[in-house]
Student: 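Quick one: structure below, then a few questions.
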Amino acid sequence: MARKPLIAGNWKMHLTVAQGVELAEQLAPVADAYSDREVMVAPPFTALHAVTAAVKGSKLHVGSQNVCWEKQGAFTGEISPVMLQDLHVGMAIIGHSERRQIFGESDEMINKRVLGALEHGLVPVFCIGETLEEREADKTFTVLEQQITDGLQGVNEKQMESVVIAYEPVWAIGTGKTATKEQAQEVHAFIRQLLEEKMNKNVAKRVRILYGGSVKPENVDALMAQPDIDGALVGGAALQFESFSRIIKFT
Ligand code: 13P
């Protein structure tokens with residue numbers, strides 16, 4: 001079964017409710033028109049409800065930017081998977097490098113989030129990536145292997161088929177420095193090989209691996225033409241209709 005490309009927009013800490021609804025309403029018909037690919041937007045928590053309501057009935061997926069592993073309780077500042085289900089949010093970005101670096105989320109915590117999401121039927125968009133320092137020290141593959149081993153601990157083969165992996169080299173996020181298509185493809189092929197070794201060939205073939213880090217209308221076509229790049233996780237360029245819709249329409 002061919003992997004269906006997924007173009008995901010991570011709005012990070014941007015956009016008011018009104019701006020988010022306007023953008024999502026513009027994007028919904030584009031997502032509907034391009035049925036050979038999936039499109040997702042991840043608004044900040046404040047806009048999730050309004051955005052899901054605004055795009056109801058369209059194919060545009062709405063995701064969250066994080067999710068807790070517990071259903072409810074004393075977890076100040078967290079959002080539970082059940083609360084997301086209540087809003088018909090079907091996907092959750094987990095382990096973004098900004099969560100890891102700025103907010104100190106560990107592989108262990110990220111693993112709990114992934115397992116919690118899966119338990120409640122949410123598709124985890126599990127993010128991994130090396131820093132510039134790690135790349136320059138030739139540690140890229142070691143770091144990614146560690147993040148995958150620890151972050152996906154306890155995920156079984158069946159569950160793994162619904163997990164989306166997003167490779168986002170930290171040095172390419174918000175910097176305008178995209179990994180070259182060759183650099184990205186090399187890492188994506190490595191990740192797929194690792195999935196085959198850790199799970200099996202079938203899982204490796206089915207799991208979608210997105211690239212993120214300065215994806216723009218100008219570079220999306222070349223990235224998407226790589227055999228192991230199955231989509232994009234877009235930050236800055238996902239905040240405007242013109243640029244994000246062009247990215248959705250990659251050829
Ligand atoms: P930019 O596209 O702004 O580099 O951000 C990438 C990203 O972090 C998406 O999650």
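Order of appearance sets the numbers: ligands from 1, and atoms from 1 within every ligand.
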Student: Check if Gly212 has a non-hydrogen atom at a distance under 4.0 Å from any atom of ligand 1.
Tutor: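 Contact absent.
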Student: For ligand 1, is any non-hydrogen atom under 4.0 Å from Ala172's backbone (N, CA, C, O), its side chain (CB onward), both, or neither?
Tutor: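 Ala172 to ligand 1: backbone contact only, side chain stays beyond 4.0 Å.
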Student: Under 4.0 Å from a heavy atom of Gly213: give me the atoms of ligand 1 that qualify, with their elements.
Tutor: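 Near Gly213, the atoms of ligand 1 are 4 (O), 6 (C).
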Student: Taking only heavy atoms of Ser214, which atoms of ligand 1 are found under 4.0 Å from at least one of them?
Tutor: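 The list of qualifying atoms is 1 (P), 2 (O), 4 (O).
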Student: Looking at Lys112 and Glu70, is any side-chain nitrogen of the basic one under 4.0 Å from a carboxylate oxygen of the acidic one?
Tutor: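 Lys112 and Glu70: not salt-bridged.
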Student: Would you indicate which of Lys177, Lys216, Glu168, Gln65 comes nearest to atom 6 (C) of ligand 1 when only heavy atoms are counted?
Tutor: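 Checking each option, the heavy atom nearest atom 6 (C) of ligand 1 is found in Glu168.
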Student: Could you identify the single nearest non-hydrogen protein atom to atom 3 (O) of ligand 1 and state the distance to 0.1 Å?
Tutor: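 For this ligand atom, the closest protein heavy atom is Gly236 N, 2.8 Å.
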Student: Are Val143 and Ile128 packed together at the side-chain level, in the sense that at least one heavy-atom pair is separated by less than 4.5 angstrom?
Tutor: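 Sidechains of Ile128 and Val143: no contact.
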Student: Does the N or O separation between Asn10 and ligand 1 drop below 3.5 Å for any pair?
Tutor: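 Yes; the residue has a nitrogen or oxygen that sits under 3.5 Å from a nitrogen or oxygen of the ligand.
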Student: Which of the numbered atoms in ligand 1 are under 4.0 angstrom from any heavy atom belonging to Gly235?
Tutor: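 Close to Gly235: 1 (P), 2 (O), 3 (O), 5 (O), 6 (C), 9 (C).
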Student: If you measure from each heavy atom of Lys12 to ligand 1, is any distance below 4.0 Å?
Tutor: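 The answer is yes, since Lys12 has a heavy atom less than 4.0 Å from ligand 1.
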Student: With the 4.5 Å side-chain cut-off for hydrophobic clustering, are Trp11 and Val39 part of the same group?
Tutor: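 Same hydrophobic cluster.
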Student: Taking 4.0 angstrom as the limit, do Asp221 and Arg246 come out as a salt bridge?
Tutor: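 Result for this pair is yes, salt bridge flagged.
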Student: Could you check whether Arg135 pairs with Glu130 (Lys NZ or Arg NE/NH1/NH2 to Asp/Glu carboxylate O, under 4.0 Å)?
Tutor: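 Counted as a salt bridge, because a side-chain N and a carboxylate O are separated by less than 4.0 Å.
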Student: Are Arg206 and Glu161 close enough for a salt bridge, meaning some N to O gap below 4.0 Å?
Tutor: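 A salt bridge links Arg206 with Glu161.
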Student: Can you confirm if the NZ or CZ of Arg99 lies within 45° of the ring axis of Phe103 and under 6.0 Å from the centre of its six-membered ring?
Tutor: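 The answer is yes, since Arg99 meets both limits relative to Phe103.
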Student: What protein heavy atom sits nearest atom 4 (O) of ligand 1, and how far off is it?
Tutor: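 Closest protein heavy atom to atom 4 (O) of ligand 1: Gly174 N, 2.6 Å.
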Student: Looking only at distances, please establish whether an N/O atom of ligand 1 is found under 3.5 Å from an N/O atom of Leu233.
Tutor: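 Min N/O separation from ligand 1 is not below 3.5 Å for Leu233.
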Student: Could you walk me through whether Glu78 and Arg113 satisfy the salt bridge (Lys or Arg N to Asp or Glu O under 4.0 Å) test, starting with their C-alpha distance in whole Å, then the side-chain angles of each, then the deciding distance to 0.1 Å, before giving a yes or no?
Tutor: CA-CA 11 Å; Glu78 291 284 327; Arg113 295 188 189 280; 2.7 Å; yes
Student: Say whether Ala237 and ligand 1 are in contact under the criterion: heavy-atom distance to a ligand atom below 4.0 Å.
Tutor: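 Contact absent.
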